[in-house]
Amino acid sequence: MITVKNKIFTITTVGTTYIMRVRDDRYIENLYYGRRLSGDMTDDATICALTEKFNNPYGNSITTPDSEDKVTLDNLCMEFSNAGTGDYRQLPLEMTDATGNISTRFYFKDSLLYEGLYAKREDTGMPYARYYAEDRKPRTLELILEDRRGYEMRLIYTAFDECDVITRRMVLTNNSDTSVSVNKLSSLQLDLPTTDYSMLSFDGRWTSERHMHEKELISGTYSVGSVNGTSSSSHNPFIMLKNSEATEHCGSVYAFNLIYSGNHEESVEVSEYGKVRVLTGINPYGLKISLNPGESFYTPEAMMTYSHEGLGGASAHCHDFVNGHIVPEQFAGRVRPILINNWEATYFDFNKRKLLGLAKDASALGMELFVLDDGWFGHRDDDTSSLGDWYVNERKIGGSLSSLIDKIHSYGMKFGIWIEPEMISHNSDLYRAHPDWAVDVPDMEDYVGRNQYILDYTNPDVCDYIVDTIGRLLADNDIAYVKWDMNRPITDAYSKRHECQSGTFYHEYVLGLYDVMRRLTEAFPDVLFEGCSAGGNRFDLGILSYMPQIWTSDDTDVHERVTIQGGTSYGYPQSTMGAHVSASPNHQTLRSSSIDSRFNVAALGVLGYELDLTRLTPVEKKAIASQVAFYKENRDYLQFGRFIRVKKYRQLTYYQIVSEDKSRAVVMMYRDRSEPNISYDTLYASGLEPDATYRVEARRQKTSIKEFGNLINQISPIAIKEEGITQAIVNSVYALDADEESYVVTGATLMYAGIKLQQRFVGTGLEKGTRVMGDNSAALYVITKEVR
Ligand code: GLA
């Protein structure tokens, strides 16, 4: 709900209130953003209480010429700050007019309130938050600011009531008769009156994405961002501000994100007066936009949310927003298939026999989608060639693509395929035909990543070529799923089409990318697209607007995944996270883990398998068959239930997913390192009905005899030498049953007291009931409401 009354603007969502007022000097003051207020928030008494009082100027400060008070602009919570006015904090706009002047004077002029989304959203060329068929239409407020030289700035707010999200963007229009140069325009400015926050950012690198870091905000500017042309794994555009009293489950938390996949910057400044300013938007690095008379510069849409229920509360808002307003409507709430991907099973070294062998085993184990990864096109047998040549290598796959697909279908599976359509190899027919389509700077040496180069998506001819080529691939073949990869960041941002490209290249590249993604996903609405960028290097709301899931990370190691999926969960729901069971030792870390631990972590996302099933032992295959059956039974809420980061203490991490009606849940308990000879482990849960009765059971799994090494001889009737042939044979057909563990308790008991689990192995014996849970291992506990 949004109301406009006496130049007071109130945005109310289910749990939050946002209030602004226009001052006499025509600046818009932010009066409040936080937990929902009650009553008439626009009456004089409330407004007086919320307005900051400026009776005397601060020493050494600047005020406005027509202030109603002795305001110090440097210390006012504002919706938009001008350059050259004594607000010395980070500014949302850097603009130079034709005379070289960088000062601006945007003042409030008018407002517009309407039902529905921002009217000119399509003109932006960027994705935006939507509402789906059955939803109530959100409302949008535009605050129109004017600089009398002929410039207009619109601050645009849309309220998504039920998930407590407000989106915001700014649009600058040049109505003067000379061009201006724009070097920065944020999407969102939010000024908060107090300092008592820490900032959470989600940072990393390839195979180690979105690790959560918390920094206490003291004084100065803290910023994260990306300048490599993608949203990047270095710093995700999602950030949070957490009040010092807040925890995972209670207290004040703000969260911000950007619906954008290119360079971005999020800055949080603590001013000398102790106020906080948040700016998010396109990264100004290299940006130089010449805005000609009559033109507008649109910023991407940003989102913000507030929760008084801690980090978990803010995450829940973000999850609902992504599931309900970002992913394509036809995939909202639609369960995703369990896939087998051949990449880590074969890498480039495959042929028809290997692919079909893998598919056959996958189908027998209950998997639903076979994904053919890199290496099927051109003459690509390694990463040195063929990107851009999107026609099938029939020699390698032993016939036409459709004949391979038919075979996969005959196993009862759907077929999916990997592409990397933003790339070009020098050794490709495409490059030989169009060397000017590769991004590089003439007369400078080319910088290469993974032997490949970027295609110039700022060039409409390139975009058309990709839409045609990939469109034909999808039209000619029965393909149900596409993995869209992007394996190297941008260097030498420059297009050979124009004289000077660097200032607009990064942004135009993203616009070209969105154009291609929009055309292809609209033409093939039933194809499930999964975003990927060397794993999770481009995990953002822009990609999710076209592709409902993203390959979270190339790293599938249990330990890393607990951190990566946990970090990602602060801003994104589990329905967006591709999560695969891969081989052990893990191909990224060489760390070993049990087949069930790998599943128990992957089950918290969109499940897939990515290992050579044909080489597994009967014991491992049995384990996988039961995992797949378990996932299918619980998939609806595993993918779309509420994800909760329950607890982290000592060496243990607990994540939980609970169904919307709270009748079913799983808790994943992960142990980093095994502490010897310690007392019991407690199982904790959250988000259940306190008075309901629940049955709690450990998901049945096996324990490999290898875990015991030579110790197994204490119970084995035959001598088993560690790493010997007998151990290998026994291990392939036999594993120890983990003991049943089952409890019936109330939700309150589970949530407030926890369940003391069976004693863990402490090195003195393996009696009945002893739990075995070593380093880097995960267990799942299944919680079901008892029907009385
Ligand atoms: C990237 C992806 C992998 C795989 C390879 C293929 O690294 O993240 O999953 O598809 O490319 O080259």
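Whatever order the structure lists ligands and atoms in, that order sets their numbers, starting from 1. From a predicted model like this one, the values you see are computed outputs, not experimental measurements.
- Of the heavy atoms in E530, none comes closer than 4.0 Å to ligand 1.
- The atoms of ligand 1 that sit less than 4.0 Å from any heavy atom of W551 are 8 (O), 9 (O).
- Taking atom 5 (C) of ligand 1 as the reference point, the nearest protein heavy-atom neighbour is W343 CE2, 3.6 Å.
- Side-chain N/O atoms of D554 and W551 include a donor and acceptor closer than 3.5 Å.
- Contacts between E420 and ligand 1 below 4.0 angstrom, taking non-hydrogen atoms only, are absent altogether.
- With I259 as reference, L541 is the one residue of I543, D540, L541 to meet the side-chain contact (heavy atoms from CB on, under 4.5 Å) rule.
- Ion pairing between a basic and an acidic side chain is recognised when a charged N comes within 4.0 Å of a carboxylate O; R380 and D374 show such pairing.
- The nearest heavy-atom contact from the protein to atom 11 (O) of ligand 1 is D485 OD2, 2.9 Å.
- In this structure, atom 12 (O) of ligand 1 lies nearest to the protein heavy atom D374 OD2, 2.7 Å.
- Between N586 and E560, the side chains place no donor N or O within less than 3.5 Å of an acceptor N or O (distance only, hydrogens not considered).
- Checked by atom type, the side-chain pair R561/Q565 shows a donor-acceptor distance below 3.5 Å.
- Scanning the protein heavy atoms around atom 9 (O) of ligand 1, the nearest turns out to be K483 NZ, 2.7 Å.
- Atom CZ of F524 has more than 12 heavy atoms from other residues, nucleotides or ligands within 6.0 Å.
- Residue contacts with ligand 1: R450 is placed with a nitrogen or oxygen under 3.5 Å of a nitrogen or oxygen of the ligand (distance criterion only).
- At a heavy-atom cutoff of 4.0 Å, ligand 1 is contacted by no atom of D383, backbone or side chain.
- A salt bridge does not link R699 to E633: none of the charged nitrogens lies less than 4.0 Å from a carboxylate oxygen.
- Looking only at heavy atoms of the protein, atom 10 (O) of ligand 1 is closest to D373 OD1, 2.6 Å.
- K354 has no carboxylate O lying under 4.0 Å from a charged side-chain N of D612, or vice versa, which leaves the two without a salt bridge.
- For the pair R380 and ligand 1, the shortest N or O to N or O distance does not fall below 3.5 Å.
- R488 does not count as a contact of ligand 1, since none of its heavy atoms falls under 4.0 Å from the ligand.
- Close contacts of ligand 1 with C532, meaning ligand atoms under 4.0 Å from a residue heavy atom, involve 2 (C), 8 (O).
- Looking from atom 7 (O) of ligand 1 to the surrounding protein, the closest heavy atom is D554 OD2, 2.9 Å.
- Numbered from 1 in the order shown, with element, the atoms of ligand 1 that lie under 4.0 Å from a heavy atom of G535 read 8 (O).
- Between I419 and the options L474, D485, L473, a side-chain contact (heavy atoms from CB on, under 4.5 Å) holds for only L473.
- Remark: the S553 side chain and the E209 side chain contain an N/O donor-acceptor pair separated by less than 3.5 Å.
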